[in-house]
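One structure is given below, encoded as C-alpha cells.
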4 protein chains.
Amino acid sequence: MPKRVDHAARRQEILQAAVRVFARKGFASSRIEDVAAEAGIAKGSVYLSFDSRDALLQAAFESYAAGSAQLLASLEPGPALDRLATLVRRVVAMLAAHPDHARVLVDLWSAGPPLDMAAVYRDYREAIAGLLRQAREEGALRPGIDERHAVVIVAAIEGCLLQWLVDPELPLADLAAPIIEVCVEGVRS
Amino acid sequence: MPKRVDHAARRQEILQAAVRVFARKGFASSRIEDVAAEAGIAKGSVYLSFDSRDALLQAAFESYAAGSAQLLASLEPGPALDRLATLVRRVVAMLAAHPDHARVLVDLWSAGPPLDMAAVYRDYREAIAGLLRQAREEGALRPGIDERHAVVIVAAIEGCLLQWLVDPELPLADLAAPIIEVCVEGVRS
Amino acid sequence: MPKRVDHAARRQEILQAAVRVFARKGFASSRIEDVAAEAGIAKGSVYLSFDSRDALLQAAFESYAAGSAQLLASLEPGPALDRLATLVRRVVAMLAAHPDHARVLVDLWSAGPPLDMAAVYRDYREAIAGLLRQAREEGALRPGIDERHAVVIVAAIEGCLLQWLVDPELPLADLAAPIIEVCVEGVRS
Amino acid sequence: MPKRVDHAARRQEILQAAVRVFARKGFASSRIEDVAAEAGIAKGSVYLSFDSRDALLQAAFESYAAGSAQLLASLEPGPALDRLATLVRRVVAMLAAHPDHARVLVDLWSAGPPLDMAAVYRDYREAIAGLLRQAREEGALRPGIDERHAVVIVAAIEGCLLQWLVDPELPLADLAAPIIEVCVEGVRS
DNA sequence: GATGAATGAGAATTCATTCAT
DNA sequence: CATGAATGAATTCTCATTCAT
C-alpha cells in the first residue's frame with residue numbers, strides 16, 4: 001500500500017500512537033510492534049519515520065517540551081500573581097486534557113539524557129521566578145517569599161500530577177484551585 | 001553450620017544492592033547479574049532470596065512503603081501544624097539522606113500494579129488531612145483551607161523530590177523550608 | 001518517445017553502478033538502495049532491469065565471464081609460448097585496468113551455484129593446455145611439462161590477483177613479468 | 001543442562017562447528033543458529049564463548065593464521081630449494097587435509113579489516129623470499145630470479161587452492177608436484 | 001516507465017530463569 | 001546452599017521486494 005504524501009503527518013500519527021501505547025503500558029513494556037499496530041501500520045514502517053524505539057520517546061519529549069514552552073510564552077499581560085494563577089490553571093488543564101501525554105511523563109522522568117527534563121522544569125521555575133519578582137515590584141507579594149518558592153510552585157503542580165498518575169481516582173482538574181489557594185493566594189501580601 | 005545463618009539478612013543485603021543498582025541505572029536497565037555483582041554473589045543466588053526480577057522492585061517498594069508508614073507513625077504530640085512541619089522536614093530529610101532509595105521512586109511510579117504507590121500517597125494525604133482537621137479544631141487554620149490541601153502538601157514534597165531527581169543540582173535538603181513556609185505557615189490563621 | 005529508449009543501456013548502467021558498489025563494500029554489505037543511488041535512480045527502478053539482488057551478481061559474473069571468453073578468443077597467431085605470454089600479460093592488464101571488476105571476483109568466488117566460476121577457470125585451463133600442446137608440437141616445450149601445468153599457470157595469475165585483492169599495496173601490473181618468467185620462460189625447452 | 005568445566009574446549013567445539021557450517025554454506029549465509037545446531041547447543045550459548053557472529057569468523061581467521069605461522073616456523077634445515085619444495089608440499093597437504101578450513105578462506109578473503117589476511121600472505125612471501133635468498137647464496141638459483149618470484153610462488157599455491165574451491169573436482173593434493181616443478185625446479189640453476 | 005512508501009520475513013543479540021554440579 | 005553454564009523466548013532493527021500512484 002505504497003505512496004503517502006505527507007511524511008510529517010505520518011510521523012505525527014505514529015508519534016501519537018506511540019504516546020497512547022506508552023501511556024497504556026509504559027515505555028519499558030511498549031514494543032515497536034505495539035506502536036505500529038496502534039498506528040495501523042507494519043512494524044517496519046515505524047522505522048521510516050523514526051530511527052529507533054528511543055527516538056519515539058525522544059520525540060514524545062520534544063513534543064511535551066514544545067507544549068510547555070508554548071504555554072510559558074502565551075501568558076497575557078496583567079498583574080503578576082493573576083498571571084501566575086492563570087499559568088497554574090493552564091498547566092493543570094493541559095495535563096488533564098491530555099492524559100496520555102501526561103502519563104508518558106513518568107517515562108520521561110526515568111529516561112535521563114539525552115532527554116533533558118531538567119531543562120523543562122528549569123524553564124518553568126525561571127518563568128515563575130520572574131512572575132514573583134514582578135509581583136514584588138507591584139507590591140503584591142508578602143515578605144518572606146523569594147525565588148526558591150518557584151521550586152515549590154512547580155512542585156505543587158507536578159506533585160499533584162504525580163499523585164494523579166499513580167492514582168487516577170484523584171480529580172486532577174479540581175486541584176488547580178487548591179494549588180492556587182496555597183501557592184498563589186498564600187503568597188499575596 | 002550453614003554458610004549463611006540468616007536468610008533474612010542475606011535478603012536484605014541483596015535488596016540494598018538492588019536499590020543501589022536501580023538508583024544508578026534505573027530498573028529497566030538493571031540486570032539480575034548487575035545486582036548479583038553489586039551484592040558480591042552469583043546470579044543464581046539472587047533467586048534463593050527473590051522469586052524474580054520484579055520481586056526485587058516489589059521488595060524495594062515494600063521497604064519504601066514501610067519507611068513511609070513508620071515516618072507517619074512516629075509523629076510526637078504537639079500542635080498540629082508544628083507536627084505537620086516536622087513531618088515535612090522529616091520526609092525531605094529522609095529522601096535527601098537516602099538518595100539511592102529516592103532515585104528508585106521514579107521506577108516505582110512507573111511500575112504500576114501490583115505495586116501500590118497510590119496507597120502510599122493516600123496514607124500521606126490521610127495523615128496530613130488528619131493534622132489539618134486537628135489544626136482547625138485547635139483554631140490554628142485560616143479559613144478556606146480544607147482537606148484537598150493535603151494533596152497539595154504531599155505534592156509540594158514529591159514535586160520537589162521530582163525536580164531534584166531530574167536535576168540533582170537542586171538542593172533538595174534546602175527545600176523543606178520553603179515548602180513549610182508556603183504549605184504550613186501559609187495556612188496558619 | 002519513452003523516457004528511456006534503450007532498456008539494455010539502462011541495464012548496463014545499473015550493472016556498472018552495482019559493480020562499483022560491490023567493489024567498494026562487498027556484495028554482502030551492498031544494498032539495493034546503494035546500487036540505485038550509485039546509478040542515480042530509485043530503488044524500485046532497479047527491479048525494472050533486474051529480477052533480484054542476486055541477479056545483479058549473476059550479471060556481474062556473466063559480464064566477467066564474457067570478458068574472459070573474449071580475451072581467450074582474441075589471441076593472434078604466432079608461436080604458442082609467445083601467445084601464452086601475451087595471454088598472461090593481457091589478463092593481468094585487464095584485471096589491473098578494471099580494479100572494480102577485479103574486486104568483485106572475491107564475491108563471485110564465494111557465491112557458488114548458479115554462478116559457474118568453475119567453468120571460467122576450466123576454459124582458461126583448456127585454452128592454456130591447448131597452447132602447451134601446440135608448444136610441444138613446435139618443439140618449444142621442455143620435457144616434463146604437461147597439461148597439469150595449465151592449472152599452475154592459471155593459479156599463478158589468479159593467486160597474484162588474490163594477493164593484490166587482499167593487499168592493494170602489491171603492484172599487480174608488475175607481476176605479469178615474473179609470472180611469465182616462471183610459468184612461460186621456465187617451461188621453454 | 002548447566003556446568004561445563006572447560007570453557008576453552010567448548011569454545012573450540014563451537015569454532016569447529018562454525019567452520020563446518022561456514023564451509024558448507026559460506027559465512028554470509030550462515031546463521032548463528034546454524035552454528036549452534038551444528039555444535040549441538042542452543043543459540044544463546046554461542047554467545048557465552050563468542051561476542052558476535054563476526055567474532056566467529058575472526059576466530060576462524062586467527063586459527064588459520066596460527067596454523068600458517070606454525071607451518072612456516074617448522075621448516076627443518078637443508079638446502080633452501082628443498083625446504084621450499086617441502087613448504088609447498090606441506091601447505092598443499094594441509095589445505096587438502098582440512099577442506100572445511102580451506103573453504104572458509106574465501107570468506108576470509110572477503111572479510112577485510114580487522115581480519116588481516118594481507119599479513120598472512122606477507123609472511124608467506126617473506127619466508128619464501130628468505131629461502132630464495134638462501135638458495136642464491138647456495139648457488140642453487142638460476143639468474144633472473146629475484147624476490148618478486150615469492151609472490152608468484154605464493155600465487156601458484158593459492159591459485160590452485162582457489163581453482164579447487166571453485167571446482168572441487170580438481171585434485172588439489174596432486175597439484176603440489178606441478179607447482180614444485182614450475183616454481184621450484186624451474187628456478188634451479 | 002519511475003518512484004519510494006509500505007511490508008514483513010528474518011537475524012542478531014539479550015537476559016530472566018533454571019538446574020546439574 | 002551456591003554457582004554459573006545453558007537455554008530459548010522475546011525484541012529490535014534491516015532490507016529485499018512489491019505495487020499504488
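Order of the sequence lines fixes the chain letters, A, B, ..., with proteins taken first and strands second; residue numbering starts at 1 for each chain.
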Quiz prompt | Residues which pass side-chain contact (heavy atoms from CB on, under 4.5 Å) with C/Phe27, listed by chain and number, not counting sequence neighbours | solution = C/Phe22, C/Arg53, C/Asp54, C/Leu57, C/Asp107
Please state how far atom [atom1] in [X] lies from atom [atom2] in [N], giving the value in whole angstrom units.
X	N	atom1	atom2	result
D/Arg11	F/dA6	CZ	P	14 Å
A/Ile14	E/dA6	CD1	C1'	11 Å
D/Asp6	F/dG4	CG	C1'	15 Å
A/His7	E/dA5	NE2	C1'	10 Å
C/Glu13	E/dG1	CD	P	14 Å
C/Glu33	E/dG4	CD	P	9 Å
C/Ile32	F/dT17	CD1	C1'	9 Å

Quiz item: E/dG1, F/dA2, E/dT13: which one has an atom nearest the side-chain heavy atoms of B/Arg10?
Solution: F/dA2
State, to 0.1 Å, how close [X] and [Y] come at their nearest heavy-atom pair, and which atoms those are.
X	Y	result
D/Ala102	D/Trp164	CB-CZ3, 3.6 Å
A/Val19	A/Val104	O-CG2, 3.7 Å
A/Pro114	A/Gln58	CG-OE1, 3.8 Å
A/Phe50	A/Ala55	CD2-O, 4.0 Å

Quiz item: Which dot-bracket string fits DNA chain E when only Watson-Crick or G-U wobble pairs with both atom distances under 3.5 Å count, crossing pairs get [ ], and | stands for a partner on a different strand?
Solution: .||||||||||||||||||||
Exercise. Show the numbers, then the answer: is there a side-chain contact (heavy atoms from CB on, under 4.5 Å) between D/Leu95 and D/Leu105?
Key: CA-CA 10 Å; D/Leu95 292 168; D/Leu105 278 169; 3.9 Å; yes
Practice problem: Flag the pair B/Asp100 and B/Arg103 as a salt bridge only when some basic side-chain nitrogen lies within less than 4.0 angstrom of an acidic carboxylate oxygen. | Solution: yes
Practice problem: Please confirm whether the backbone N or O of D/Ala59 pairs with a side-chain atom of D/Ser63, one donor and one acceptor, at under 3.5 Å? | Solution: no
Practice problem: Examine distances only and state if a side-chain atom of A/Ser45 and a backbone atom of A/Ile41 form a donor-acceptor pair shorter than 3.5 Å. | Solution: no
Quiz prompt | Set of salt bridge (charged side-chain N to carboxylate O under 4.0 Å, His left out) partners for D/Asp116, sequence neighbours left out | solution = none
Quiz prompt | By salt bridge (charged side-chain N to carboxylate O under 4.0 Å, His left out) - contacts of B/Arg24 (at least two apart) | solution = B/Glu38
Exercise. Please list residues of residues 34-54 of chain D whose heavy atoms come under 4.0 Å from any atom in DNA chain F, ordered by number; otherwise none.
Key: D/Ile41, D/Ala42, D/Lys43, D/Gly44, D/Ser45, D/Leu48
Quiz prompt | Within residues 21-31 of chain A: residues closer than 4.0 Å to DNA chain F (heavy atoms) | solution = A/Ser30, A/Arg31
